[in-house]
2 protein chains.
Amino acid sequence: MKKQPTREKLLDITFEEVYIHGYNATSVDAILKKAGVPKGSMYHHFKGKKELVLAMVQERLFPKMDMFFKYEVKEGSSVYDSLKFTLLTVSRNKMLVTYGCPLYRLMVELSATDKEFDALLSTKATQMKDGITSLLQSGQASGEFIDALDTDTFAAYMLNAVWGILSVSPSLSSSKQFLKQSNYILKELKTYKLD
Amino acid sequence: MKKQPTREKLLDITFEEVYIHGYNATSVDAILKKAGVPKGSMYHHFKGKKELVLAMVQERLFPKMDMFFKYEVKEGSSVYDSLKFTLLTVSRNKMLVTYGCPLYRLMVELSATDKEFDALLSTKATQMKDGITSLLQSGQASGEFIDALDTDTFAAYMLNAVWGILSVSPSLSSSKQFLKQSNYILKELKTYKLD
DNA sequence: CTATGACTAGACTAAATAGTCTAATATGAA
DNA sequence: TTCATATTAGACTATTTAGTCTAGTCATAG
């Protein structure tokens, strides 16, 4: 078993800790202890706590988000089915269902008070929304959805609503509840379907 | 201008600070400084920071939430119109639109790691959901909605979706966006309307 | 091999933090 | 007024925090 490079190990542990506890409740020492990395190593690789977490967001969090939202439709599959499949995949991810979306939770904690985090997280949120918009637009172009569908607004609604449902307290979350609730979003989208 | 009792002043300032910065990023000293209250007074009224914020949640946050969701229908008004009016009222509240729902944001920050906060906040969330459920049920009883409407699931969906739309980054929030997005929830509800 | 730069190691520091303590003062009941 | 209690006042403490520093080790290019 090859030893993982220090920087990568730090990013992995930082993701885990910040996901569960949030940015402010996560201490550098806790990360270092869990990662088994001495302080000097961390401050060699990163300027400080904030730099570490910003790097984690870009190198761990964003790729994870991209894994879920592929923004592409499988051959022979409709946009609607593609979005439905994404929601199903999300519902099967225990961590997501239990602890919510790590991007959204960080945004809720930090966007109001930290410009740099807000810039980074909001940009990704916008990119994801735009991805869904494109998907819906392609569905419009292919005749799957009627022109009356406001693709950009619906994409924002879908993203925010899913985040809202996902990120409630773990004690109120379950895979079944997520599926049932997010189904209303799909049902609404179906309203704009032609075939 | 009569001087506000210390305890009340502390609760007011604590709400403001925790709403914007969150629990962990708010220091006791910051609250005391802003409130102009010495430390001894605070620790006379509250056992500690956590007790102070728990009291704030019950005595300031919860009442504010109840102001928005009245769970009652005005004479001669439909349940649907009542919910629509609530969303309109929310959309006109600049703080809510900008900084999101204070209950939800606190839940996102703390519910995963703090049992006491989770118990308190989740109970209120459930109570609010149950309030909407009752409203929808009364609509069913009066023939406004068809029986196929799963009142409890729709209530949860509505609450969580609104929270999700409301609590995104301030840089992505606006009254107009909130209204347009939350309109999809109403549109879905309309699907179950009879008259 | 050896010199250089990358990385590790962890003791140490300065600041912020929540919380304590004791004395002073206000308030209200007898 | 007087006494007991509630409240104010803020200096002080213990702990945790992020971050610094210097000495050491490791890898590798020459």
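All values derive from a computational prediction rather than experimental measurement. So that the names make sense, note that chain A is the first sequence line, chain B the second, and so on, each numbered from 1. These values consider heavy atoms only, across backbone and side chains, with no hydrogens, waters or symmetry-generated copies.
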Hey, is B:Lys34 close enough to B:Glu16 for a salt bridge, meaning N to O under 4.0 Å?
yes

So CG of B:Leu32 and NZ of B:Lys9: to nearest 0.5 Å the spacing works out to 12.5 Å

Which residues within residues 10-23 of chain B lie with some heavy atom under 4.0 Å of an atom in DNA chain C?
none

Give the B/S/- string for nucleotides 13-18 of chain D, one per nucleotide from 5' to 3', where a protein heavy atom under 4.0 Å of the base yields B, of only the sugar-phosphate yields S, and otherwise -.
----SB

Using whole Å, what does the distance between atom P of nucleotide D:dG10 and atom CE of B:Met42 come to?
16 Å

Nearest listed nucleotide, side chain of A:His44, among C:dA6, D:dT8, C:dG10
C:dA6

For A:Tyr23, does the six-membered ring have the charged nitrogen or CZ of A:Lys50 within the cation-pi criterion, i.e. under 6.0 angstrom from the centroid and within 45° of the normal?
no

Output yes when B:Arg60 and B:Glu8 qualify as a salt bridge under the 4.0 Å nitrogen-oxygen rule, no when they do not.
yes

C:dT8 phosphate, OP1 or OP2, under 4.0 Å from A:His45 side-chain N/O
yes

In plain terms, say whether A:Lys33 and A:Glu17 are close enough for a salt bridge, that is, a side-chain N and a carboxylate O under 4.0 Å apart.
no

Between B:Thr6 and D:dT7, is there a contact of a side-chain N or O with OP1 or OP2 at under 4.0 Å?
no

Answer yes or no for A:Lys64 and A:Phe15: cation-pi contact, defined as NZ/CZ to six-membered ring centre under 6.0 Å and angle to ring axis within 45°.
yes

With side chains defined as the heavy atoms from C-beta onward, is the minimum distance between B:Met107 and B:Lys124 less than 4.5 Å?
no

Between A:Gln4 (CD) and C:dC7 (P), how many Å, whole number?
15 Å

Hey, are the side chains of B:Leu83 and B:Val79 touching, using non-hydrogen atoms and a 4.5 Å cut-off?
yes

Rounded to the nearest Å, what distance is computed from the CG atom of residue B:Leu52 to the P atom of nucleotide C:dG19?
10 Å

Given the ring of A:Phe69, does A:Lys129 sit roughly above its face, with NZ or CZ under 6.0 Å from the centre of the six-membered ring and within 45° of the axis?
no

Taking NZ in B:Lys190 as the centre, count heavy atoms belonging to other residues, nucleotides or ligands within less than 6.0 Å. Is the count above 12?
no

May I ask you to say whether A:Glu59 pairs ionically with A:Arg7, meaning some side-chain N is under 4.0 Å from a carboxylate O?
yes

Spacing of B:Leu32 atom CG relative to C:dG19 atom C1', expressed in whole Å:
11 Å

Listed in order of residue number, which residues of residues 107-121 of chain B have a non-hydrogen atom at under 4.0 Å from DNA chain C?
none

Separation of atom NZ in B:Lys33 from atom P in C:dA18, rounded to whole Å:
14 Å

